[in-house]
Peer 1: 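Here it is, the structure, as structure tokens.
Every number for a ligand or one of its atoms is a count from 1 in the order of the listing.
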Amino acid sequence: MLTPTRLRPGLSRLFPVLLFLIGLLGLPACEAPQGSASGVPDALVEGPGPQRAANGMVASVNAIASRVGAEVLRGGGNAVDAAIATGFALAVVHPSAGNIGGGGFMVIRFPDGTSTAWDFREKAPLAAHPEMFLDENGEYSREVHHNSHVAVGVPGTVAGFAMAHEKYGSFDWTGLVDPAIGLAGDGFELSEALAGSIGRSLRSMERYPASVAKFSKDGEAYEQGEVWKQPDLARSLERIRDQGRDGFYLGETARLIVEEMERGGGLITEEDLARYQPQERTPIRGAFKGYEVISMPPPSSGGTALVQMLNVLEGFDLAAMGHNSTAYVHHLTEAMRRAFRDRALHLADADFSDPPLERLTSKAYAEALRAEIQPEKASVSSPTDITLPVESLETTHYSVVDSQGMAVSVTYTLEAGYGSKIVVPGGGFLLNNEMGDFNAGPGLTNARGLIGTEPNLARPEQRMLSSMTPTILAKDGKLVAVVGSPGGRTIINSVLQVVLNLTVFDMEIHEAVAAKRFHHQWLPDALRIEEDGMTPEALSALEAMGHTARMAGSQGSTPSVFLDPETGELIGAPDPRDRDGGAAGY
Ligand code: GLY
């Protein structure tokens, strides 16, 4: 174990250079933990596959960002510090979801077993109101709701990171932002996956010159292997490094955001930015087969729905059914159907409504739901029930554990891939389109997929309902795993299945992450299973039970960290679905 020491600011500025040198040397992935008896920090272990290390571990969608976090751990930072550094790095190297212009959640489990949840979800601006997504004719406008300056929520990420650092960090703030500044200012080599993703997004950015300028060479797409520099973003990050949260919410950056809002008819004002505050919240906790489940409370629906589903499923012998068997998929689907119905009917920002969390997460309620489930017949999601809106599959998750056993689970987002597609001119960062996670408008529920129920309507300073489910598992007072996922509403079901893979099927963490997943969300009444997720015969059997099921695509990304109870080592497991994913530890 290392004694935490703060990096001096001068030394910490060398971090990006060191990172690039390590990257250029192309150090091979090392899967064996290194000893630390000499007192010299152990060498980094890193790679796209599962990694073992004795002292600290980060797993994320991007190997460069994981390395940044692991270097902070190796330099003496704790898991909160490493999570912040990883988050800033992802804002540079994973621009579709990593961000400073969005928001998210951080769940922390401390070495003594206590836990907390950090809510830095975006807020509606002060000028927001329930009818704000209607056009001048009073008609609902999908464009306004999801694809406009009005769709931008007041960003929370920088304030969330700054306050988490103030309360729980131990490392010099400068050393957490500098690696990202280096990556943005000096540039980094574009992978095939990232060059392709940026290239595909360019058309959707055509309306915004600053976005085209940032993401292309005068409109021409970048190619794999080119060094991509983001000088405006580097300067925005420098202001955050030098002034903390004020470097984003006041002064130059705030001015640039507000100017862009005024240019595009957005609602965010200087007052909105200055007033933004993250919230520390009490996590949702559940018990499942002797495991403690710690997850995100409202404004996320994730923790509540996860615990509700686990409670329902605890009464079935899932192991006997067999992983991804017809019976298993059927029973999980029935639990999902019910949890997503309750999500739509009851869940929203608890600062503005009173969701019945205790009832939804109680064993008694789960028993009543379980009794409704027929072993061989699909229920029907009532066609008179509410239909749910389309939700983006973007967002990103990462998992961190430090040498003291502090565990941090972060999921944060811009909502859609590349958010609103609006880069703040001169600021170099994307703004979210998170207002799309509010309901469309009062009474607008219809069969075409709109929802207009009260609790999640846009109101001044309310936070929009989320599905993000950063989660930590523990058993007998000891950490077991840190998990989470992107994927809109599929997030909750992806996390559910990783938890079941670990706790019911005793899979190794990399198997639990890689295993095929499926999703049902009540409405539309459709079950989607990942490509090759089950045999055609098993799929036919599900259809014979009354499920509308199909196999297609892939679901989520669950980079996780697991504490091996036998060796005490940490295992970082990137998700093989992520082409640039990686784990790094020491
Ligand atoms: N925008 C995705 C979520 O919050 O669930």
Side-chain angles (χ1 to χ4, degrees), residues 61 87 90-91 94-107 117-124 133 142 145-148 151-157 160 278-279 281 284 295-306 336 339-340 342-344 347-351 355 388-398 409-422 430-440 451 455-458 462-471 483-496 519 521-522 555-558:
V61 69
L90 284 169
H94 185 60
S96 63
N99 70 79
I100 57 174
F105 304 124
M106 178 186 286
V107 173
W118 208 251
D119 169 7
F120 51 97
R121 181 75 160 162
E122 298 92 328
K123 281 185 160 194
F133 307 121
R142 194 182 189 288
H145 193 188
H146 294 280
N147 200 14
S148 73
V152 182
V154 183
T157 296
Q279 286 292 328
R281 302 197 186 274
I284 291 284
S295 193
M296 195 66 210
S300 183
S301 57
T304 309
L306 174 67
M336 291 170 182
F340 276 83
D342 284 333
R343 175 194 191 276
L347 295 180
D349 184 350
D351 291 344
L388 299 175
V390 174
E391 197 173 295
S392 156
L393 296 181
E394 289 295 337
T395 297
T396 190
H397 173 80
Y398 55 98
S409 188
V410 179
T411 313
Y412 77 149
T413 186
L414 289 164
E415 164 56 0
Y418 301 91
S420 63
K421 323 292 189 281
I422 301 166
L430 281 161
L431 293 168
N432 67 82
N433 63 333
E434 216 73 56
M435 296 294 284
D437 277 353
F438 279 117
N439 292 351
I451 181 165
N456 188 41
L457 290 173
Q462 181 161 337
R463 290 177 157 98
M464 54 297 283
L465 183 62
S466 171
S467 298
M468 293 188 283
T469 316
T471 298
V483 299
S485 180
R489 269 165 286 152
T490 70
I491 291 173
I492 312 171
N493 290 334
S494 294
V495 174
L496 169 74
H519 175 72
Q521 59 180 38
W522 178 46
Q555 181 179 317
S557 150
T558 56

Peer 1: Is there side-chain contact between Asn432 and Pro155, with at least one heavy-atom pair below 4.5 Å?
Peer 2: yes

Peer 1: Asp437 heavy atoms, cut-off 4.0 Å: which ligand 1 atoms fall inside?
Peer 2: 1 (N), 2 (C), 3 (C), 4 (O)

Peer 1: Side chain, backbone, both or neither: which part of Arg121 comes within less than 4.0 Å of ligand 1 when only heavy atoms are counted?
Peer 2: side chain

Peer 1: Determine whether a donor-acceptor pair (N or O, by modelled atom type, separation under 3.5 Å) exists between the side chain of Thr157 and the backbone of Gly102.
Peer 2: yes

Peer 1: Locate the shortest heavy-atom distance separating Ala344 from Trp522; write the atom from each residue and the value.
Peer 2: CB-CZ3, 3.8 Å

Peer 1: Can you tell me if Arg489 contacts ligand 1 (heavy atom of the residue under 4.0 Å from the ligand)?
Peer 2: no

Peer 1: State the atoms of ligand 1, each with its element, that fall below the 4.0 Å cut-off from a heavy-atom position in Glu415.
Peer 2: 1 (N), 2 (C)

Peer 1: For a side-chain contact (heavy atoms from CB on, under 4.5 Å) with Met468, tell me which candidate from Arg121, His397, Met296 qualifies.
Peer 2: Arg121

Peer 1: Within less than 4.0 angstrom of ligand 1, does Met464 place any heavy atom?
Peer 2: no

Peer 1: Is there a donor-acceptor pair closer than 3.5 Å between any side-chain N or O of Thr395 and the backbone N or O of Tyr412?
Peer 2: no

Peer 1: Counting from 1, what ligand 1 atoms have a heavy atom of Met468 closer than 4.0 Å?
Peer 2: 3 (C), 4 (O), 5 (O)

Peer 1: Within the 4.0 Å heavy-atom shell around Thr395, which atoms of ligand 1 are there?
Peer 2: 2 (C)

Peer 1: Say whether, by atom type as modelled, one donor and one acceptor occur between the side chain of Asn456 and the main chain of Asp437 under 3.5 angstrom.
Peer 2: yes

Peer 1: For ligand 1, which atoms, with element, lie under 4.0 Å from some heavy atom of Ser467?
Peer 2: 3 (C), 4 (O), 5 (O)

